[in-house]
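Have a look at this one.
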Amino acid sequence: INAEYMGLALEAGVQSIVLLKHTGRVLPLRRPLTIAVVGPMANITRAMQGNYYGGAPFLITPLQGIQAYAPVLYAKGCDAYDTDTSGVPEAEAVAANAEATVVFVGITAYLERENHDRATIELPGVQSVLLQRVAAVSAGPVIVVLISGSSVDISTAVTHPGIPAILWAGYPGQAGGAAIAHILFGRSSPAGRLPFTMYYENFTSHVPMSNMNLRPSDTYPGRTYRFFTHPVLYPFGHGLSYATFTYTLQIETTEAYEFAQSEFHRTLSRPHLVMPMARLVATVHNTAQIDAPVVVMIYLRPPTGIEGAPMKSLVAFERLLTSAGEQHECQLLLSPHHFAIPDHLTGKPRLRRGEWIVQLETVRHSLTL
């Protein structure tokens, strides 16, 4: 077993974890604590690898990861997919006797895989019941960790006042349990961003599987963060940190429209060869007292009045490791292809003139093409 590869597996798991909710500053957990670990996903093994995967030399379960940091009281509580609640009282008992409770819920490749579609995006079985009952009796804060490869409606946890923190861990791989524990106990600060939108359960009634159109209509809300018009549980790109940040954004150079048009057509079939037309300088100020990574994400909002245009598009991103109290800069380049939108009749991309909005978190600047 190669130590470098083991470290890479752990780092991949850590970087992918997303902090969805955090109120009351309950994380990271302070040691020594007695931790109640409950839920059908707490002691999973191969399920951490998702669908397609190679043979891992070992698998660190979430339970094992937490046991490396603190004394643990463990109760499964329920299975992932059935309706038997007979194990819930045991989970309630360990939660009532621990200083913090971590509940692992979610889905596996049993429900989401090639050649198998889910009929609902609700949390399956009685996992929502487990969450509610454990949160009602827990002697300490309740942290929920969601295991899934796609959207699951976890409204129960999002709106519950007794659940101050939620993590999405995806399918975190062979060192997944260790990666989750690294985040829970503050060895790493979370910086992951959601790679999809988390929808409410009614998504499936508004967006039929037989309709693959991205763009919305009078009776259809569209698909993906670029077009979907209804409220969502958590948007694409959402992700919190243990640190706090402020941002500034400068557009240092822009080329004329004629240059953009020429470059766009020259590289239409070879966009990787295009010359940049704008350079952005993003400054991130870590205003906390801890070092922390952060992912800088740049969105473009197109000019108004373009039929079939997305609401916004992610066009650039950069991961930075920031030091407490310090400012850090990164440069991001935009090409003419970022300012092209397909014609709604022909489907062919066209460079669009007008006022574009460049957005970094809540900072917005206009860029006129």
Open item on the list: On a heavy-atom basis, which atom in Ala191 and which in Pro293 lie closest, and how many Å separate them?
Closed with: CB-O, 3.5 Å
- [ ] Using side chain to side chain contact (heavy atoms under 4.5 Å, CB included) as the criterion, list what pairs up with Glu361, not counting sequence neighbours.
- [x]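 Once residues adjacent in sequence are excluded, the partners of Glu361 under the side chain to side chain contact (heavy atoms under 4.5 Å, CB included) criterion are Arg193, Tyr247.
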Task: Backbone of Ser155 reached by a side-chain donor or acceptor of Thr159 within 3.5 Å - done: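 Yes: the side chain of Thr159 pairs with the backbone of Ser155.
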Task: Minimum-distance pair of heavy atoms, taken over all atoms of Val14 and His182 - done: CG2-CB, 4.1 Å
Open item on the list: Would you say that Ser335 contacts Thr267 through its side chain, given a criterion of any heavy-atom pair below 4.5 Å between the two side chains?
Closed with: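 Sidechains of Thr267 and Ser335: no contact.
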TODO: Consider only side-chain heavy atoms of I, L, V, M, F, W and Y, link residues closer than 4.5 Å, and tell whether Ile107 and Val38 are in one cluster.
DONE: yes
Open item on the list: Nearest 0.5 angstrom please: Ile143 CD1 to Leu167 CG, how far?
Closed with: 8.5 Å
Task: Shared hydrophobic cluster, Leu73 / Leu33 (ILVMFWY, side-chain heavy atoms < 4.5 Å) - done: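 Yes, one cluster joins them.
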Open item on the list: Between His365 and Gln250 (side chain of the first, backbone of the second, donor and acceptor by atom type, cut-off under 3.5 Å), is there such a pair?
Closed with: no
Open item on the list: Any side-chain to backbone donor/acceptor pair from Trp168 onto Gly239? Under 3.5 Å, distance only.
Closed with: no
- [ ] Compute whether any side-chain donor of one residue and acceptor of the other, for Ser150 and Arg118, lie under 3.5 angstrom apart.
- [x] yes
Task: Nearest-0.5 Å distance that lies between atom CG in Leu63 and atom NZ in Lys76 - done: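 Spacing of CG (Leu63) from NZ (Lys76) equals 12.0 Å.
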Task: Derivation of the ring-ring contact (aromatic ring centres under 6.0 Å, His included) call for Phe203 and Phe228 - done: CA-CA 10 Å; Phe203 174 83; Phe228 188 73; 5.6 Å; yes
Open item on the list: Side chains of Leu194 and Pro235, heavy atoms from C-beta outward: is any pair under 4.5 Å?
Closed with: no
Task: Heavy-atom pair of closest approach, residues His328 and Ser323 - done: NE2-N, 2.9 Å
- [ ] Report yes if the distance between the aromatic ring centroids of His285 and Phe245 is under 6.0 Å, otherwise no.
- [x]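 No: the rings miss the under 6.0 Å criterion.
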Open item on the list: Rounded at 0.5 Å granularity, tell me how far CG in Leu29 sits from CD1 in Ile183.
Closed with: 11.5 Å
Task: Intermediate values then yes/no, side-chain contact (heavy atoms from CB on, under 4.5 Å), Arg46 and Tyr171 - done: CA-CA 10 Å; Arg46 285 187 299 174; Tyr171 295 125; over 6 Å; no
TODO: Kindly check if the number of other-residue, nucleotide or ligand heavy atoms within 6.0 Å of OH (Tyr81) is above 12?
DONE: yes
Task: Rounded distance (nearest 0.5 Å) linking atom OH of Tyr225 with atom CE of Met311 - done: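 Interatomic distance, Tyr225 OH to Met311 CE, rounded to 0.5 Å: 10.0 Å.
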TODO: List in chain and number order the residues that pass ring-ring contact (aromatic ring centres under 6.0 Å, His included) with Tyr299, two or more places apart in sequence or in another chain; answer none if no residue qualifies.
DONE: none
TODO: Could you tell me whether the side chains of Thr204 and Thr120 share a donor-acceptor contact shorter than 3.5 Å?
DONE: no
Task: Pairwise side-chain contact, Pro40 with Phe104, heavy-atom cut-off 4.5 Å (strictly under) - done: no
Task: His230 ring center within less than 6.0 Å of Tyr199 ring center - done: no
TODO: Evaluate the side-chain contact (heavy atoms from CB on, under 4.5 Å) criterion for residues Leu249 and Leu280: first the C-alpha distance (whole Å), next the side-chain angles of each, then the deciding distance (0.1 Å), finally the verdict.
DONE: CA-CA 7 Å; Leu249 180 65; Leu280 312 180; 4.1 Å; yes
Open item on the list: Before you tell me yes or no, could you show the steps for Asp79 and Asp84 under side-chain contact (heavy atoms from CB on, under 4.5 Å), namely the whole-Å CA-CA distance, both residues' side-chain angles and the distance that decides it to 0.1 Å?
Closed with: CA-CA 8 Å; Asp79 287 328; Asp84 181 8; over 6 Å; no
- [ ] First locate atom CZ of Arg133, then atom SG of Cys78, and finally report the distance between them rounded to the nearest 0.5 Å.
- [x] 10.5 Å
Open item on the list: For residues Ile251 and Leu332: do they belong to one hydrophobic cluster (side chain heavy atoms under 4.5 Å, members Ile, Leu, Val, Met, Phe, Trp, Tyr)?
Closed with: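 Shared cluster, yes.
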TODO: May I ask you to decide if Tyr242's main-chain N or O and His22's side chain share a donor-acceptor pair within less than 3.5 Å?
DONE: no
Task: Closest non-hydrogen atom pair, Glu4 against Asn2 - done: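 Shortest heavy-atom separation between Glu4 and Asn2 comes out as N-OD1, 2.7 Å.
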- [ ] Taking the side chain as every heavy atom from C-beta outward, state whether Met277 and His338 have any atom pair closer than 4.5 Å.
- [x]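 They are not in side-chain contact.
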Open item on the list: Between Arg215 (side chain only) and Gly308 (backbone N and O only), is there a donor and an acceptor less than 3.5 Å apart?
Closed with: yes
Open item on the list: Rounded at 0.5 Å granularity, tell me how far CD1 in Ile154 sits from NE2 in His160.
Closed with: 13.5 Å
Task: pair Ile163-Val103: side-chain heavy atoms closer than 4.5 Å - done: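 Side chain of Ile163 against side chain of Val103, heavy atoms only: no contact under 4.5 Å found.
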Open item on the list: Please give me the minimum heavy-atom distance between Gly13 and Ala179, naming the atom from each residue.
Closed with: C-CB, 3.6 Å
Open item on the list: Can you tell me how the ring of His337 sits relative to the ring of Phe264, calling it parallel under 30°, perpendicular over 60° and tilted otherwise?
Closed with: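 Judged by the thresholds at 30° and 60°, the geometry between His337 and Phe264 is tilted.
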TODO: Using the rule that two of Ile, Leu, Val, Met, Phe, Trp, Tyr join whenever any of their side-chain heavy atoms come within less than 4.5 Å, decide whether Val232 and Leu314 are in one cluster.
DONE: no
- [ ] Scan Asn43, Ile35, Ile66 and name whichever one has a side-chain contact (heavy atoms from CB on, under 4.5 Å) with Tyr74.
- [x]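 That would be Asn43; it is the only one of Asn43, Ile35, Ile66 passing the side-chain contact (heavy atoms from CB on, under 4.5 Å) with Tyr74.
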TODO: Might you point out which heavy atoms bring Pro124 and Leu111 nearest each other, and give the distance in Å?
DONE: CG-CD1, 4.1 Å
Open item on the list: Is there a side-chain contact (heavy atoms from CB on, under 4.5 Å) between Gln49 and Leu59? Walk through the geometry before answering.
Closed with: CA-CA 9 Å; Gln49 299 178 99; Leu59 293 164; 3.8 Å; yes
- [ ] Could you tell me whether the side chain of Lys312 and the main chain of Gln359 form a donor-acceptor pair under 3.5 Å?
- [x] no
- [ ] Kindly indicate whether the side chain of Leu131, heavy atoms from C-beta on, has any atom under 4.5 Å from the side chain of Leu123.
- [x]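 Yes, at least one pair of side-chain atoms sits under 4.5 Å.
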Open item on the list: Could you check whether any side-chain heavy atom of Leu184 comes within less than 4.5 Å of a side-chain heavy atom of Tyr69, counting everything from C-beta outward?
Closed with: no
Task: Transitive ILVMFWY side-chain link Leu320 to Val315, under 4.5 Å - done: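 Linked, Leu320 and Val315 end up in one cluster.
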- [ ] May I ask you to decide if Pro276's main-chain N or O and Glu263's side chain share a donor-acceptor pair within less than 3.5 Å?
- [x] no
TODO: Count the heavy atoms of every other residue, nucleotide or ligand shown that sit under 6.0 Å from CD of Glu252, and state whether that count exceeds 12.
DONE: yes
Open item on the list: Donor-acceptor check, side chain of Glu90 to backbone of Gly87, threshold 3.5 angstrom: yes or no?
Closed with: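 Not confirmed, Glu90 side chain does not pair with Gly87 backbone.
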Task: Check: Ile290 main-chain N/O paired with Asn286 side-chain donor or acceptor under 3.5 Å - done: yes
Open item on the list: If you define the side chain from C-beta out and look only at heavy atoms, does anything of Leu146 sit under 4.5 Å from Val105?
Closed with: yes
Open item on the list: Does Phe259 have more than 12 heavy atoms from other residues, nucleotides or ligands lying within 6.0 Å of its CZ?
Closed with: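 Yes - once you tally the heavy atoms of other residues, nucleotides and ligands closer than 6.0 Å, there are more than 12.
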Open item on the list: Tell me whether the count of non-hydrogen atoms from other residues, nucleotides or ligands lying under 6.0 Å of CZ in Arg113 goes above 12.
Closed with: yes
Open item on the list: Under a 3.5 Å distance rule, please check whether Lys21 uses its side chain to pair with a backbone N or O of Ile166 as donor and acceptor.
Closed with: no
